[in-house]
Each structure stands twice: as structure tokens, then as C-alpha cells.
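The structure under discussion appears below in the form of C-alpha cells.
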There are 2 protein chains.
Amino acid sequence: MSLLKDVRVAILATNGFEESELTEPRRALEKEGAEVFIISPENDHIKGWKNGDWSDEVKVDARVDQVSATDFDALMLPGGVINPDLLRRDMTSVAFVKSFFTDHKPVAAICHGPQMLIEAGVTNGRTLTSFESIRKDLENSGAHWIDEDVVVDNGLVTSRSPKDLPAFNKKMIEEFREGKHAGQTE
Amino acid sequence: MSLLKDVRVAILATNGFEESELTEPRRALEKEGAEVFIISPENDHIKGWKNGDWSDEVKVDARVDQVSATDFDALMLPGGVINPDLLRRDMTSVAFVKSFFTDHKPVAAICHGPQMLIEAGVTNGRTLTSFESIRKDLENSGAHWIDEDVVVDNGLVTSRSPKDLPAFNKKMIEEFREGKHAGQTE
């Protein structure tokens with residue numbers, strides 16, 4: 001299949017990403033013909049997290065300060081408790097995330113990934129889910145949080161944890177294929 | 001010195017606590033004569049975090065579901081990115097934290113520790129600080145966040161990171177010595 005032919009996807013991550021939440025969406029996107037790029041504030045490689053400890057590295061394709069949201073059609077944000085806690089302190093990464101919303105481009109975020117949506121200030125009035133520990137932070141930011149395996153709101157796809165990856169990948173591919181959504185906005 | 005003679009302090013923590021943020025406040029409190037108890041949802045031991053990786057264990061004195069805020073005069077919450085992310089999902093731990101505010105007892109929290117204050121719903125209108133990554137979450141919860149080494153607000157003592165520990169310990173001891181504060185409330 002090639003539902004995502006000519007679709008360029010950025011995966012924004014840094015050290016401490018939950019390994020399966022990066023590798024499985026990447027595989028699902030590439031299987032549909034998307035071009036997928038690992039974008040990070042780090043150079044070269046970033047280290048994953050698996051079963052409660054550090055795991056394998058993945059190669060970084062471009063540093064976040066060397067690219068722009070205009071280079072991509074869609075954005076995917078993996079979780080892991082350490083990864084977004086580091087990313088949200090990097091203002092270039094936060095501005096990169098916000099640009100996808102300004103441009104109405106689809107975004108998929110899983111687990112702790114939605115912490116970056118709080119930091120970018122794009123959650124007010126949106127319906128979404130996340131890892132349960134950050135539910136209150138998302139609600140306090142103005143989001144409507146619901147406990148489902150995958151939530152789709154106008155080009156914004158969110159899921160709770162690695163066990164939701166099959167549902168997450170399916171809806172992510174649908175929304176990334178549809179492209180821009182007027183209701184996907186900052 | 002024994003500024004804290006007959007003062008019983010609970011340190012609430014679980015796996016992934018930033019090692020120095022538990023051991024140094026404990027040492028400072030015990031030096032002033034306080035009785036300090038490590039309270040956790042876990043039995044036996046919890047594992048620390050140091051220099052970006054797992055570190056030494058500390059002994060748990062009592063499980064959180066076997067104690068009550070009435071057993072203690074004050075509460076201390078260490079940080080570490082993993083520790084409060086686990087703790088805030090444990091409703092017994094969240095209720096335990098809230099009880100100290102209901103009872104007007106002093107509380108000290110450092111780094112990511114204030115995530116537990118968000119979860120307990122006790123931050124609205126309070127002035128505090130934290131690790132910079134959770135600043136927006138605290139502001140969204142109604143807190144007034146300021147960038148100082150230690151912030152004291154009516155029995156609530158907060159600091160940003162391990163480098164603030166000397167200032168944090170000093171103010172924690174002052175507030176714990178003073179005891180209950182009318183303005184320390186849920």
C-alpha cells in the first residue's frame with residue numbers, strides 16, 4: 001500500500017523516548033510510503049527507553065534548528081517520561097511543534113508526547129488523550145481529556161500508551177493522508 | 001542544634017527520586033533533631049536516580065496506605081522526573097499530600113516534586129517555583145511561578161533543582177519549625 005506517497009513526516013524526539021513509540025509508528029508510516037525523518041535538538045543519535053531502562057539508539061536525520069515545519073506535511077511526537085521533559089525546555093522544538101498547528105497540519109502524539117502540546121499552547125478547547133499521569137496537566141491547559149485508545153480531533157491524533165499503538169498508527173495514517181484540517185489550529 | 005526536636009517529617013517518594021533531593025534534605029532535617037520517615041507506595045526499598053541513570057536504593061519506613069498525615073508534622077517531596085510521574089498515579093499518595101494542606105501543615109517540594117501539588121489540587125493562588133520543565137503546568141494550575149532558588153509562601157517551600165538544596169534545606173527547616181500556617185490550605 002502507499003496511502004502516504006509523497007507525504008513527509010517529522011518525528012520530533014530526544015533521549016529517553018519510549019522505544020516502541022518511535023519505532024512502531026515509523027515502521028507503519030514507511031510501510032505506507034511516507035518519508036519519515038527523526039528530528040531532534042541532539043546531533044547524530046538519541047537513546048531510547050524500554051522496560052524501565054535505557055535501550056537502543058536511533059539515528060537523528062536533522063537537528064531541529066536546521067529544519068522548519070514547512071519542510072514537512074505532518075508531525076509525530078513519541079512519549080517516554082524523560083523525552084518530552086527534555087524537549088519542552090528547548091524553545092526551538094516548542095516553536096517547531098507550534099508551527100504545525102499554525103499551518104493546520106496533522107499531528108499525532110502518544111503517552112507523554114502531549115506535554116509538548118501544552119508547552120506549545122495548542123491544547124485549549126481540543127479533545128484528546130494521553131498517558132494518565134499528565135491528564136490533569138492537559139485538563140488545566142484547557143483540553144477535554146477522554147480515556148480511549150485513540151482520540152481524533154480535526155487532524156490531532158492522540159493515544160495513551162504503547163498498548164494503543166495499533167489503533168494510534170491506523171488513525172495517524174488516516175489523518176496524515178487527509179492532510180491539512182481547518183480545525184487544527186493554535 | 002535541635003531546631004526540629006519532636007518534629008516528625010514524612011518524605012514521600014518512589015522509584016526514580018533524584019538521589020540528592022532525598023538524601024540531603026533528610027540529613028539536614030535529622031541534623032536538627034527531626035524524626036524522618038521515608039513513605040512510599042512501594043514496600044521495602046526504592047531506587048534513586050543520579051547523573052541520568054538509576055542509582056542507590058533507600059529503605060522505605062512505611063507504606064503510604066499504612067500511615068496518615070496525622071502521624072506527621074510536615075511533608076517533604078523530592079523530585080526526579082520518574083518519581084512524581086509514578087506517585088501522581090497513586091490516589092493514596094495524592095490524598096496523603098492533600099491532607100497536609102487541609103491540616104495547614106508545612107510542605108517542602110523540589111524540582112519535579114510540585115507535580116504532586118498539581119495532582120492534589122493545592123496550587124491555585126500559591127506562589128512557588130519548580131524545575132523549569134513543569135513551569136507551564138504549574139501556571140496552568142493557577143500558581144504564580146517565580147524563578148528563584150527558594151520560594152516560601154505560608155508554609156510552602158519550593159526550589160528548582162539540586163543546586164538549590166542549601167537554600168531549600170535552610171528555609172524548609174525554618175518553616176517546619178514554625179509548624180502550622182493558616183495560609184497553608186487546600
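The sequence lines fix the lettering, A, B, ..., with proteins before strands; numbering per chain opens at 1.
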Requested in this report: Say whether W145(A) and V152(A) are linked into one hydrophobic cluster, either directly or through other cluster members, by side-chain heavy-atom distances under 4.5 angstrom.
Outcome: no
Query raised in the report: Okay, side chain of R89(A), backbone of S133(B): is any donor-acceptor separation there less than 3.5 Å?
Result: no
Query raised in the report: What's the spacing between D137(A) CG and D137(B) CG if we round to 0.5 Å?
Result: 3.5 Å
Query raised in the report: Can you tell which of N83(B), L86(B), D85(B) makes a side chain to side chain contact (heavy atoms under 4.5 Å, CB included) with V81(A)?
Result: D85(B)
Requested in this report: Look at the side-chain heavy atoms of Ile, Leu, Val, Met, Phe, Trp and Tyr, link any pair under 4.5 Å apart, and say whether L156(B) and V151(B) land in one connected group.
Outcome: no
**Report entry** Option that, when pairs with chain B are counted at under 4.5 Å, heavy atom only, ranks first among H112(A), Q115(A), E139(A)
**Finding:** H112(A)
Requested in this report: Group every Ile, Leu, Val, Met, Phe, Trp and Tyr by side-chain heavy-atom contacts under 4.5 Å, then state whether V7(A) and I38(A) land in the same group.
Outcome: yes
Query raised in the report: Taking atom NZ of K50(B) as the centre, does the number of heavy atoms from other residues, nucleotides or ligands within less than 6.0 Å exceed 12?
Result: no
Query - CZ-CD distance between R135(A) and E119(B), expressed to the nearest 0.5 angstrom - result: 9.5 Å
Query raised in the report: For N15(B), is it the side chain, the backbone, both, or neither that has a heavy atom closer than 4.5 Å to a heavy atom of chain A?
Result: neither
Query raised in the report: How long is the gap from CD1 on I134(B) to CD1 on I134(A), to the nearest 0.5 Å?
Result: 13.0 Å
Report task. Answer yes or no: are there more than 12 heavy-atom neighbours, outside K5(A) itself, under 6.0 Å from its atom NZ? Result -> no
Requested in this report: Treating Ile, Leu, Val, Met, Phe, Trp and Tyr as nodes and any side-chain heavy-atom pair under 4.5 angstrom as an edge, say whether M76(A) and F72(A) lie in one connected cluster.
Outcome: no
**Report entry** side-chain contact (heavy atoms from CB on, under 4.5 Å) evaluation trace for V94(A) with K136(B)
**Finding:** CA-CA 12 Å; V94(A) 174; K136(B) 194 171 278 278; over 6 Å; no
